[in-house]
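Only heavy atoms go into these numbers, but all of them, side chains included; no hydrogens, no water, no symmetry mates.
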Amino acid sequence: MKKYMSTIVSVLTVIFTSGFQAVFLYCQNADEAGVDEVMPALINYVFIGLTLMLVFLVITRSISKAAISASIMALLLTNFALIEKVLKLALPGLRYWHTAPIIIVIGLHLVFLFCHFTKEQLAEDVANVVCLVFAALIVVNLTLSVPQILGHYRAQKVIDAARQEEKKIAEGVGDQPNIYYFMFDEYANFNQAKEIFNYDNNSLKEFLNKYNFSISYESYNESVVSSTIQTNIVNLNYIVTDDTSESEKEVFRKKGHLFDLMREHGYEVEIYEASSFYGGCLPQSDVVDQAVTMGGESLYDILMSKTIIYPFTQSNSANGLSKILQIVNYFSNQDCIPKNATFTLIYLNFPHPPYIADENGNAISGSNYLNPNFYIGQYKYSTKLMMQMLDNIIGNDPSSIIILQSDHSMRSYKQYINNPLNTLYWGGKEGPEIEGLSSVNTMRAILNALWNDNYEMLNVPEYNEF
């Protein structure tokens, strides 16, 4: 019986120590990510730990010593990137092919010293203590995250129910123009581009003037947090703040009142994006991505980037450009023009970091994904893609309405940060006045002009302290 319990404790020790990091990261992001998003990495971590345990069991012939040995190596290998950084602080000239053998050798020496100088009973006691400590850490983290976990799953339940209850398209509404809403995340407005980056975005100005776009140079939004701004836009009101939980914002955003209004007025609603921010999908696909960081990384990417295999892994951010181009290519083809009256939201997390392309669309090395010096190149490239799509839509659907916005300007600079790009195409004719309007008020003004509604212009609150 004692041997049986020792085996159970030893196996649990390895599971808890090797899987703790994955559980910890999930708990830190439970408001935005589901447990399924961390499971692949958690399974990989635990598999590595148990495999190491079997190897050391063959060598040591002791289940307790094998468990501690495997735990030591698993912790080193799954925290490899952090340990490597510490080594490089002392010896900056070290490269991966230096640090990998150094850390492995250090781990093997620790294993040897433990196994050689520790008696069996003491090894069992150590395994018991380690098992208890990591089990307690996991329980504490999960317990503290229960409100976030429940909030996330409640949000998903509400969103799923809303999708099932979407209102039917109204009949007999007459001929209405297609509406395209382009959101380019963190695209600097003209003032910031000129003052901060010394770049006069004449190519876009000339393009917009050519097609008779209205341009607001002085629009000001309530925040610099994308989830706050965009949730408020599609609800036509300032219903969330920066302090609202991400799960609540997600519900309000994916159930946006604007979408319901469009359906009530006979519009189909289509959402295209490379993530699950609005619950949309890539063109000709019904697959949405996982929650990602500002750098475009999923929980799996983050966890893999900490391990010894990080140089051989490729994060979602490295694949981001291909997804963006998939959307761009679709809206650069006349087949994108819907046959029925449709409200189409196109959300591009671009030129928002990660910085994955220069001004000519060439890939940027992974070490520069978050380097703000690469913003202006990606900004110029996103402008080219923007004009490519707009040119196609206007050429094939000239009577359409096109809303072209960003949520805020480049975050690294305080000046003009709350000033978004804000422009409007009204079938080539003069549309409603939008100069100086926030994104929320711009949308209200558009609906007033489109359906003779009476939305008042709202005072713009200020949520962020940047």
Charged N to carboxylate O under 4.0 angstrom, E246 versus K249? yes
I434 to N422 - nearest heavy-atom pair and separation: CD1-O, 3.8 Å
Using the benzene-type ring in the case of Trp, are the ring centres of [X] and [Y] under 6.0 Å apart?
X    : Y    : value
Y96  : F80  : yes
F16  : F20  : no
Y379 : Y187 : yes
Y425 : Y180 : no
Y267 : F343 : no

Who passes side-chain hydrogen bond (donor to acceptor under 3.5 Å, both in side chains) against Y416, sequence neighbours left out? none
Do [X] and [Y] come within less than 4.5 Å of each other through their side chains, counting heavy atoms only?
X    : Y    : value
N178 : T344 : no
L25  : V38  : no
K384 : N360 : yes
N201 : K194 : no

